[in-house]
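Treat the numbers as computed from the prediction; the structure is a model and nothing was measured. Side chains are part of it too, since the values below use all heavy atoms of this structure and drop only hydrogens, waters and symmetry mates.
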Amino acid sequence: MRKSQIMVFGTLVTALIMSSGCTRLRAHQGYIGDQTLLTSVQPGVDNKDSVQAALGRPTFVGQFDKNDWYYYARDTRQLAFAQPTATEQYVLKVRFDSAGNVTSVTQTGKELISKISPEGDKTPTLGRNKSFFEDIFGNIGSVGAGTGQGSTPNSPN
């Protein structure tokens with residue numbers, strides 16, 4: 001009787017350890033802010049200093065225009081080893097004029113997430129499709145052929 005109880009207990013412990021890898025993972029990336037503060041930024045009223053005082057430093061600044069500030073947040077969930085999927089996303093874009101005053105505030109959500117599906121393991125390109133042997137032996141006879149094109153009279157080659 002004692003041996004069977006140990007076997008049942010051992011089986012339960014093993015099952016619990018094995019199933020722990022199948023837990024649902026939740027993660028948050030980016031800005032953590034108050035929704036009231038995010039909606040308080042107004043064009044024509046705020047400037048860079050007031051936005052930074054209310055929201056803090058931006059998640060990132062625009063690459064092509066330093067007057068674009070972005071506050072980004074995303075919540076994801078993932079089951080075991082599957083790809084994470086976004087449950088919520090929030091992007092606040094604040095655009096400033098050259099004087100540092102807010103000119104526009106744009107809020108977007110999960111609707112801008114796009115799924116990219118590459119074609120297999122290859123990227124489609126223009127040009128010839130060469131075989132493995134053409135890649136290896138394709139230049140035999142073409143390199144160093146003395147056609148005289150591109151050579152100068154003083155060139156040692």
Side-chain angles (χ1 to χ4, degrees), residues 9-140 142-144 149-150 152 155 157:
F9 182 72
T11 304
L12 285 174
V13 169
T14 303
L16 286 173
I17 290 172
M18 297 284 283
S19 66
S20 68
C22 296
T23 59
R24 189 168 297 264
L25 304 172
R26 296 181 188 272
H28 178 82
Q29 301 168 330
Y31 182 75
I32 299 174
D34 184 15
Q35 190 64 26
T36 307
L37 290 176
L38 290 170
T39 57
S40 69
V41 178
Q42 297 177 359
V45 175
D46 290 310
N47 58 19
K48 284 187 178 182
D49 293 332
S50 66
V51 171
Q52 189 166 358
L55 302 178
R57 293 179 46 205
T59 307
F60 57 92
V61 177
Q63 182 176 2
F64 299 110
D65 189 359
K66 300 297 182 195
N67 288 324
D68 290 341
W69 286 8
Y70 296 90
Y71 294 88
Y72 165 83
R74 178 187 271 184
D75 292 325
T76 59
R77 77 171 181 226
Q78 176 182 1
L79 179 63
F81 300 105
Q83 291 286 349
T85 57
T87 56
E88 293 292 326
Q89 178 171 303
Y90 184 85
V91 179
L92 177 72
K93 177 184 176 184
V94 182
R95 175 168 278 176
F96 300 97
D97 61 7
S98 58
N101 298 318
V102 176
T103 59
S104 68
V105 178
T106 309
Q107 298 178 18
T108 59
K110 210 167 83 167
E111 69 275 358
L112 292 182
I113 297 175
S114 61
K115 183 171 173 80
I116 299 172
S117 177
E119 293 182 24
D121 293 335
K122 293 184 178 180
T123 303
T125 60
L126 300 174
R128 280 185 44 207
N129 290 328
K130 293 186 195 179
S131 69
F132 174 74
F133 293 108
E134 286 176 323
D135 279 339
I136 292 177
F137 302 115
N139 287 333
I140 294 178
S142 63
V143 178
Q149 295 178 347
T152 59
S155 175
N157 293 335

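Ring geometry, W69 versus F96: the interplanar angle exceeds 60°, so the pair is classed perpendicular (tilted spans 30 to 60°). Taking the six-membered ring where tryptophan is involved, the planes of F137 and F133 are essentially parallel, since the angle between them stays under 30° and well short of 60°.
Taken to the nearest 0.5 Å, the OH atom of Y31 stands 15.0 Å off from the OH atom of Y72. The CD atom of Q42 sits 10.0 Å away from the OG atom of S50 when rounded to the nearest 0.5 Å. Here CD of Q78 is found 12.5 Å from OG1 of T87. Values are rounded to the nearest 0.5 Å. Separating the CD atom in Q52 from the CG atom in D46 is a distance of 12.5 Å, to the nearest 0.5 Å. Annotation: the span from D75 atom CG to T85 atom OG1 amounts to 11.0 Å, rounded to 0.5 Å. Separating the CZ atom in R77 from the CD atom in E88 is a distance of 10.5 Å, to the nearest 0.5 Å.
Within a 6.0 Å sphere centred on CD of Q63, heavy atoms belonging to other residues, nucleotides or ligands number 12 at most.
Contact record, A73 with H28: CB-CE1, 3.9 Å, taken as the closest heavy-atom pair. L37 and L55 make their closest contact through O-CD2, 3.6 Å (heavy atoms, listed as atom of the first residue, atom of the second, distance). Contact between T76 and P84 at its shortest, heavy atoms only, is CB-CB, 4.3 Å.
Side chains of Y71 and P58 form a contact here, defined as non-hydrogen atoms less than 4.5 Å apart. Inter-residue side-chain proximity for L92 and V105 is flagged as met; some heavy-atom pair is nearer than 4.5 Å. The side-chain heavy atoms of V61 and D68, taken from C-beta on, include no pair separated by under 4.5 Å.
Side chain of T103 to backbone of R95: a donor-acceptor contact under 3.5 angstrom is found. In this structure, the side chain of E134 does not engage the main chain of F132 through any donor-acceptor pair within 3.5 Å.
Using modelled atom types, one finds no donor on one side chain facing an acceptor on the other under 3.5 Å when comparing N101 with K48. Counting only N and O atoms by type, the side chains of R74 and Q29 include no donor and acceptor under 3.5 Å apart.
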I would like to know whether V51 and V102 meet side-chain contact (heavy atoms from CB on, under 4.5 Å); could you show each step before the answer?
-> CA-CA 9 Å; V51 171; V102 176; 3.8 Å; yes
